Amino acid sequence: MGFAGKYRVDTHDKVRLGALKTRTADGIERNPAKSKTRKLVETIGQFQYLLYAGADRSLLVVLQGPDASGKDGLIRHVFSGVNPQGVKVTPFGEPSKAEASHDFLWRVHLRTPAKGEIAIFNRSHYEGVLAERVRKLVSREIWAERYAMINSFESLLAENGTEILKFYLHISPEEQLNRFRRRLEDKSRHWKIDEADYDDRKLWREYQTAAEEMLGRTSTKIAPWYVIPSDHKWFRNYAVSRIILRSLRRMQLRTPPVQADIQEIKRKFHDTAEK
């Protein structure tokens, strides 16, 4: 079984995050994995060129996970080989006053990829059934209705040519605390420290319960979730790179047909100049 099959959440699965590994090497050592990841990243860049040139499909990558699970680092590594012109990253934090005055999907739809683009969501519309649920910012009646809305929204995107990949970066509470500690020890990363992140650790079980329901109710054939063991950053990057490249290959991307008369252009502008 490939990585996509091994880590994918099948539709209507009963997910129990506590039973899933957060730390694994899956048969590969750190240095070989990092070397393979570099090659995967390079190939992802080549397919992104085809996606951008063809401009008839798009890719949406959704990243969710606890604080310090590595969403920023994954974006920095896995997408280091792409042309920024065809890629956009959106971090979804607390909604602005204008965003909060609309439905919870409004600000998200504005950031979905146009044809030819890759869009990466660092957090996403799923905050509407995670943070807003756990922190009791909305009632149960409201967040419970959102699963169906999300599935319909993603179905709409898929019907319009968007490939959707959703990754839940699965880390242990011990690893999260270690990463928080490393931030404290590195002055260049002090800006990332927020006491609210520590407060959320008191709600770890509640977040896990919300994530389990989210994964089970919104992993669909056209927009699957993948739960990636992420205590090892190098393994996280390797696994996600493999799954993204697999999806890009399956999109059967091709360079678009030639519109210009190549021979005539050569004759008029190059052959004459050379003579």
Side-chain angles (χ1 to χ4, degrees), residues 4-20 22 58-67 69 71 74 90-96 98-113 119-171 200 203-230 240 243-244 247:
K6 186 168 187 176
Y7 297 113
R8 184 179 59 233
V9 176
D10 290 328
T11 306
H12 304 309
D13 264 5
K14 286 284 186 180
V15 180
R16 293 293 177 265
L17 289 173
L20 300 178
T22 61
S58 59
L59 174 65
L60 172 61
V61 176
V62 175
L63 303 176
Q64 289 287 160
D67 295 316
S69 58
K71 296 177 286 294
L74 187 147
T90 303
F92 286 97
E94 184 178 346
S96 67
E99 290 169 341
S101 68
H102 291 80
D103 68 90
F104 81 109
L105 290 172
W106 178 80
R107 66 172 181 161
V108 179
H109 206 159
L110 294 173
R111 304 297 183 179
T112 55
I120 305 158
F121 287 177
N122 184 339
R123 301 192 186 275
S124 66
H125 42 303
Y126 284 98
E127 291 300 298
V129 293
L130 290 173
E132 292 189 34
R133 166 183 172 170
V134 173
R135 296 174 184 170
K136 295 180 170 53
L137 301 177
V138 296
S139 68
R140 179 184 181 88
E141 289 73 22
I142 290 176
W143 61 254
E145 292 178 344
R146 288 178 171 175
Y147 300 112
M149 295 178 187
I150 288 171
N151 289 339
S152 295
F153 170 64
E154 292 176 349
S155 179
L156 172 64
L157 298 181
E159 288 173 8
N160 282 273
T162 299
E163 184 84 3
I164 304 170
L165 298 173
K166 302 179 298 194
F167 298 98
Y168 184 83
L169 307 185
H170 186 34
I171 63 170
D200 274 349
L203 301 170
W204 184 271
R205 183 60 254 172
E206 289 85 347
Y207 271 106
Q208 294 278 283
T209 298
E212 289 169 350
E213 186 169 2
M214 171 198 77
L215 293 166
R217 295 187 63 175
T218 61
S219 191
T220 61
K221 185 176 180 180
I222 53 94
W225 275 106
Y226 298 90
V227 178
I228 306 297
S230 297
V240 172
I243 294 169
I244 289 175
S247 290

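Nothing here was measured: the structure is a model prediction, and the numbers come from that model. Note: hydrogens, waters and symmetry copies are ignored here, and every other heavy atom, side chains too, is used.
At a threshold of 4.5 Å between non-hydrogen side-chain atoms, the residues Pro229 and Tyr7 count as touching. In this structure, Arg107 and Phe92 have side chains that are in contact, with non-hydrogen atoms separated by less than 4.5 Å. Counting heavy atoms from C-beta on, the side chains of Ile120 and Leu63 come closer than 4.5 Å. The closest side-chain heavy-atom distance from Met149 to His125 is not below 4.5 Å. Two residues are said to be in side-chain contact when any heavy atoms from C-beta on lie closer than 4.5 Å; Val129 and Arg217 fail this criterion. Looking at heavy atoms from C-beta onward, Leu20 lies out of side-chain contact with Tyr168 at the 4.5 angstrom threshold. The closest side-chain heavy-atom distance from Glu132 to Ile142 is not below 4.5 Å.
The nearest pair of heavy atoms linking Ala223 to Glu154 is CB-OE1, 3.4 Å. Across every non-hydrogen atom of Ser69 and Ser230, the tightest pair is O-CB, 4.1 Å. Between Pro224 and Ile164, the shortest heavy-atom contact is CD-O, 3.5 Å.
The pair Asp103-Arg146 does not meet the salt-bridge criterion, since no charged nitrogen lies less than 4.0 angstrom from a carboxylate oxygen.
Interatomic distance, Gln208 CD to Leu130 CG, rounded to the nearest 0.5 Å: 10.5 Å. Distance check: Phe104 CZ to Glu127 CD gives 11.5 Å after rounding to the nearest 0.5 Å. Ile228 CD1 to Ile171 CD1: the interatomic distance, rounded to the nearest 0.5 Å, is 14.0 Å. For the atom pair CG (Leu105) and CD1 (Ile150), the distance works out to 6.5 Å, reported to the nearest 0.5 Å. A distance of 12.5 Å separates CD of Glu206 from CZ of Arg135, quoted to the nearest 0.5 Å. Interatomic distance, Glu94 CD to Ser96 OG, rounded to the nearest 0.5 Å: 9.5 Å.
Qualifying ring pair (Phe, Tyr, Trp, His ring centres under 6.0 Å) partners for Trp204, counting only residues two or more places apart in sequence or in other chains: none. In terms of the side-chain contact (heavy atoms from CB on, under 4.5 Å) criterion, residue partners of Ser124 (sequence neighbours excluded) are, by chain and number, Val62, Gln64, Phe121, Tyr126.
Of the listed residues (Leu215, Val61, Thr218), just one forms a side-chain contact (heavy atoms from CB on, under 4.5 Å) with Lys166, and that residue is Thr218.
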I'd like to know whether Thr162 forms a side chain to side chain contact (heavy atoms under 4.5 Å, CB included) with Thr112, so could you lay out the CA-CA distance, the side-chain angles of the two residues, the decisive distance to 0.1 Å, and finally the verdict.
CA-CA 9 Å; Thr162 299; Thr112 55; over 6 Å; no

Check the pair Val108 / Phe153 against side chain to side chain contact (heavy atoms under 4.5 Å, CB included), numbers first and verdict last.
CA-CA 10 Å; Val108 179; Phe153 170 64; 4.0 Å; yes

For Thr209 and Arg133, what are the C-alpha separation, side-chain angles and deciding distance, and is it a side chain to side chain contact (heavy atoms under 4.5 Å, CB included)?
CA-CA 11 Å; Thr209 298; Arg133 166 183 172 170; 4.0 Å; yes

Worked check of salt bridge (charged side-chain N to carboxylate O under 4.0 Å, His left out) between Glu212 and Arg205:
CA-CA 10 Å; Glu212 289 169 350; Arg205 183 60 254 172; 3.3 Å; yes

Decide yes or no on side chain to side chain contact (heavy atoms under 4.5 Å, CB included) for Asp13 and Trp225, but give the supporting numbers first.
CA-CA 11 Å; Asp13 264 5; Trp225 275 106; over 6 Å; no

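Remark: Arg16 CZ is packed, more than 12 non-hydrogen atoms of other residues, nucleotides or ligands lying under 6.0 Å away. Within 6.0 Å of CZ on Arg111 lie no more than 12 heavy atoms contributed by other residues, nucleotides or ligands.
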